[in-house]
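As structure tokens, the structure follows; a few thoughts come after it.
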There are 2 protein chains.
Amino acid sequence: MSPALHFSKGLDDVLVGRSTISWVGGETGDLVLRGFDIRDLVPGVPYESVVHLLLRGDPPDSDPSPEVVAALGAARAVPPGLEHVVDALPPALPPLEALRTIVSSLGDGSYGYPPTPEEGLRLIARTPVLLARYVRRSRGLSPIAPRPELSHAANYLWMLRGVDPEPSTVRALEGYLVLLADHGMNASTFALCVAISTQSDLVSAATAALATLKGPLHGGAPARVSEMLDAIGRPENAGAWIDARLARREVLFGFGHRAYKTDDPRGVILHELARTVAAPELLALAEEVERIALAALRRARPTARIYTNVEYYSAVVLEAIGLSRELFTPTFAVARTAGWTAHALEQAAENRLIRPDVEYVGAPKGRRWPRALSGR
Amino acid sequence: MSPALHFSKGLDDVLVGRSTISWVGGETGDLVLRGFDIRDLVPGVPYESVVHLLLRGDPPDSDPSPEVVAALGAARAVPPGLEHVVDALPPALPPLEALRTIVSSLGDGSYGYPPTPEEGLRLIARTPVLLARYVRRSRGLSPIAPRPELSHAANYLWMLRGVDPEPSTVRALEGYLVLLADHGMNASTFALCVAISTQSDLVSAATAALATLKGPLHGGAPARVSEMLDAIGRPENAGAWIDARLARREVLFGFGHRAYKTDDPRGVILHELARTVAAPELLALAEEVERIALAALRRARPTARIYTNVEYYSAVVLEAIGLSRELFTPTFAVARTAGWTAHALEQAAENRLIRPDVEYVGAPKGRRWPRALSGR
């Protein structure tokens with residue numbers, strides 16, 4: 001191992017570049033998108049305008065961004081060949097696996113290098129459209145055509161259900177989408193950047209990101225928060241349930257984050273959004289479990305700085321909106337296609353192949369194959 | 001930016017872990033798989049035995065590995081649901097995009113964390129089977145059923161063509177598959193490790209790897225070598241063509257590698273394999289173009305250490321085997337599923353979330369949205 005090389009298994013202490021897209025203030029509890037504090041964007045700024053901000057760098061001239069509204073509306077009409085792929089997927093495929101497969105199938109050879117904002121807008125538009133189509137087909141329901149005049153959030157709910165969604169539900173989902181639209185460098189965005197760095201295309205890179213988002217250490221855990229709340233059932237059960245779980249050295253879902261050593265600002269806002277849509281019983285349960293869990297975790301590890309992470313109230317909000325749990329992580333992906341696109345554009349603008357090395361600690365060169373080789 | 005952080009855009013100088021799988025000796029021109037010099041494996045050691053070596057760490061008790069032969073043969077029979085997805089893909093999808101989509105669709109919820117060697121053997125077996133099915137369907141030909149008694153290389157050619165392949169062709173393809181089976185840490189393997197590090201599954205991670213392999217800076221370039229040789233046409237045209245191209249500051253495909261600063265041992269062996277299968281005219285053209293290109297590149301950049309890379313004679317061998325060019329990179333993937341599996345197992349055995357950071361250089365926090373926000 002050359003002394004000039006830097007060893008870092010998790011890359012915790014490595015900066016893989018410079019970015020103007022978003023800043024995660026782990027010590028101060030900040031998330032800033034192109035200079036805008038996330039607390040100043042939610043509620044209020046439409047997702048379409050945040051897409052504009054992320055892709056173009058500045059807010060649009062009016063809200064919601066006319067350019068993004070037009071592009072998303074137009075791209076909701078999907079070529080029949082894409083629908084055919086969706087309809088051929090086995091209905092038992094989990095929605096996240098289906099979504100990854102669907103996004104991969106968008107790669108018809110027309111996506112090249114470097115990626116473009118227009119490709120990104122197409123990707124952002126079609127992700128919820130094709131996901132909703134799959135979800136309905138997999139449940140034996142007929143697909144529902146998109147409506148170009150609806151907002152991104154409203155159209156997603158419309159295509160899942162075929163009824164006009166409640167304004168409060170749309171507002172909560174819209175807030176969720178903005179909150180989750182980007183988050184600095186993270187594992188899925190990094191996988192996307194690695195793909196782009198080989199001069200691969202946006203659809204390929206988004207597929208790599210989706211493959212990475214699936215892991216419970218990244219985007220795959222919010223459904224487990226809901227399952228945990230189900231298992232606890234009532235606020236008065238929380239103490240005993242949590243103590244027993246920690247005694248078995250099992251994880252409590254929704255707490256702790258690699259970056260944040262204080263409250264995640266997204267979690268705080270999601271908690272506020274939850275108050276506007278969640279049933280009182282669900283909200284009371286979530287708040288009591290949070291209180292007891294944090295106290296127990298902090299007793300168990302007094303020096304660790306453990307806070308509620310974004311997944312906790314994500315689960316409460318998505319549950320309150322009425323999304324099924326297997327749609328939690330796919331809906332995270334629906335939000336994040338905006339940030340993925342922005343990072344793909346930024347990576348390509350000043351590209352360098354991302355290719356680390358490993359230290360070889362295996363058998364030294366010189367082993368002999370134990371038998372005569374037939375082909376020589 | 002904290003002084004404790006290490007800045008590295010391409011991660012050239014970063015070791016992301018320790019590995020016992022393979023060693024790339026960039027200065028000495030080495031590739032070692034679990035202690036075995038690649039030159040001692042090709043020709044002669046069956047791909048199945050190298051799969052065994054990569055997944056299990058040691059050679060099998062006999063060649064070809066009975067365990068791997070049995071597993072691959074059994075997994076070639078594919079559930080009808082998977083075939084249905086393959087058959088629904090638009091025939092215009094390039095084979096590499098189709099393969100990525102097909103591999104993604106394998107994720108039926110049964111692949112979990114941590115990955116297992118058995119999952120890997122299924123992935124390795126099914127990649128060429130489903131790829132060959134797609135290729136025939138997309139050409140309007142009926143699919144050909146796999147034959148469990150054939151070697152991995154022979155079955156791939158059989159399923160593409162429906163005729164018993166020539167022994168020399170099988171030998172050349174088998175050598176290619178072993179040579180490309182693993183290559184330390186590289187961009188696609190790294191994308192796979194990033195995915196696994198979130199506790200995502202093997203199918204997801206292989207999908208991320210395929211998305212990354214596509215880029216011409218990684219696995220996407222060998223077809224361009226063939227196109228370059230086509231464009232040159234005859235050995236006597238090589239000098240003028242190459243000079244004109246370099247004068248336009250355009251790339252010559254098949255030369256230069258991030259790791260190797262001497263001859264890539266795989267290229268040297270592929271050159272030998274090419275002599276056993278390539279038409280004399282193709283071989284003579286390739287050798288003359290290589291000679292002139294290297295001389296021209298070294299004149300243009302006397303201090304750079306530029307050598308022929310693995311893609312150059314990969315293209316010649318795959319062309320000589322009779323594979324269409326759009327199958328070059330998918331066939332690279334067929335070989336690499338072995339190494340990807342080995343790295344996924346190794347990453348999971350001592351896992352840590354791979355999550356680097358970026359330096360934020362965008363607008364400072366505090367921008368104000370230019371309009372009153374409707375939702376507040």
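Note on naming: letters A, B, ... go to the chains in the order of the sequence lines (proteins, then strands), and numbering restarts at 1 for each one.
Ranking I196(A), D87(A), V194(A) against chain B, the residue ahead of the rest is V194(A), based on heavy-atom pairs under 4.5 Å. Counting heavy-atom pairs closer than 4.5 Å to chain A, the top-ranked of the candidates E97(B), E174(B), Q199(B), H218(B) is Q199(B). Between chain A and the options P364(B), P59(B), G25(B), G175(B), heavy-atom pairs under 4.5 Å are most frequent for P59(B). Contact count against chain B (heavy-atom pairs under 4.5 Å) is highest for P216(A) among G81(A), P90(A), P216(A). Chain B forms the most heavy-atom pairs under 4.5 Å with one residue out of L82(A), V203(A), T20(A), L213(A), and that residue is T20(A). Comparing F36(B), Y111(B), Y113(B) by how many heavy-atom pairs each has under 4.5 Å with chain A, the most go to F36(B). Of the listed residues (S204(B), G366(B), S188(B), P370(B)), the one with the most heavy-atom contacts under 4.5 Å to chain A is S204(B). Contact count versus chain A (heavy atoms, under 4.5 Å) is highest, among A363(B), G362(B), G17(B), S62(B), for G17(B). Most heavy-atom pairs under 4.5 Å with chain A: of the set V85(B), I102(B), D12(B), N186(B), this distinction falls to D12(B).
Proximity to chain A (any heavy atom under 4.5 Å) is restricted, for F190(B), to the side chain, taken from C-beta onward. For a residue to count as touching a neighbouring chain, one of its non-hydrogen atoms must lie under 4.5 Å from one of that chain's; by this rule S19(B) touches chain A with backbone and side chain alike. H343(A) does not touch chain B: none of its heavy atoms, backbone or side chain, sits under 4.5 Å away. For P60(A), the parts sitting under 4.5 Å from any heavy atom of chain B are the backbone and the side chain alike. In this structure, the portion of A92(B) lying under 4.5 Å from any heavy atom of chain A is its backbone and not its side chain.
Side chain of K365(A) to backbone of D30(B): no donor-acceptor contact under 3.5 angstrom is found. With hydrogens and angles disregarded, a donor-acceptor distance shorter than 3.5 Å links the side chain of T198(A) to the backbone of T212(B). Proximity of a side-chain donor or acceptor of K9(B) to a complementary backbone N or O of E350(A) within less than 3.5 Å is detected. With hydrogens and angles ignored, the 3.5 Å screen pairs a side-chain donor or acceptor of R367(B) with a backbone N or O of R34(A).
Among the candidates V24(A), I21(A), V32(A), the single residue satisfying the side chain to side chain contact (heavy atoms under 4.5 Å, CB included) test with Y360(B) is V32(A).
Of the charged side-chain nitrogens involved, none lies within less than 4.0 Å of a carboxylate oxygen, so that R368(B) and D37(A) do not count as a salt-bridged pair. The existence of a salt bridge linking R371(A) and D63(B) is confirmed by a sub-4.0 Å separation between a basic side-chain nitrogen and an acidic carboxylate oxygen.
Scanning both residues, G107(B) and L93(A), for their nearest heavy atoms gives O-CD1, 3.3 Å. Closest heavy-atom contact between L353(A) and A187(B): CD1-CB, 4.2 Å.
Between H6(B) and H6(A), the ring-plane angle classifies as parallel under the 30° and 60° cut-offs.
One finds the CG atom of L11(A) at 11.5 Å from the CG atom of L5(B) (value rounded to the nearest 0.5 Å). D40(B) CG to W369(A) CH2: the interatomic distance, rounded to the nearest 0.5 Å, is 11.0 Å. Within the model, atoms CZ of R355(A) and CG of L217(B) stand 11.5 Å from one another, a figure rounded to the nearest 0.5 Å.
Remark: R18(A) is positioned above the aromatic ring of F7(B), its terminal NZ or CZ atom under 6.0 angstrom from the ring centre and at most 45 degrees off the axis.
A 6.0 Å sphere centred on CG of D13(A) holds more than 12 heavy atoms belonging to other residues, nucleotides or ligands.
Residues satisfying the side-chain contact (heavy atoms from CB on, under 4.5 Å) test with E83(B), not counting sequence neighbours, are V78(B), R133(B). Listed by chain and number, the residues in a side-chain contact (heavy atoms from CB on, under 4.5 Å) with S104(A) are T207(A), R100(B), T101(B) (sequence neighbours excluded).
Within the 4.5 Å cutoff, no side-chain heavy atoms of H84(B) are placed close to those of L89(A). Between V358(A) and V16(B), some side-chain heavy-atom pair lies under the 4.5 Å cut-off.
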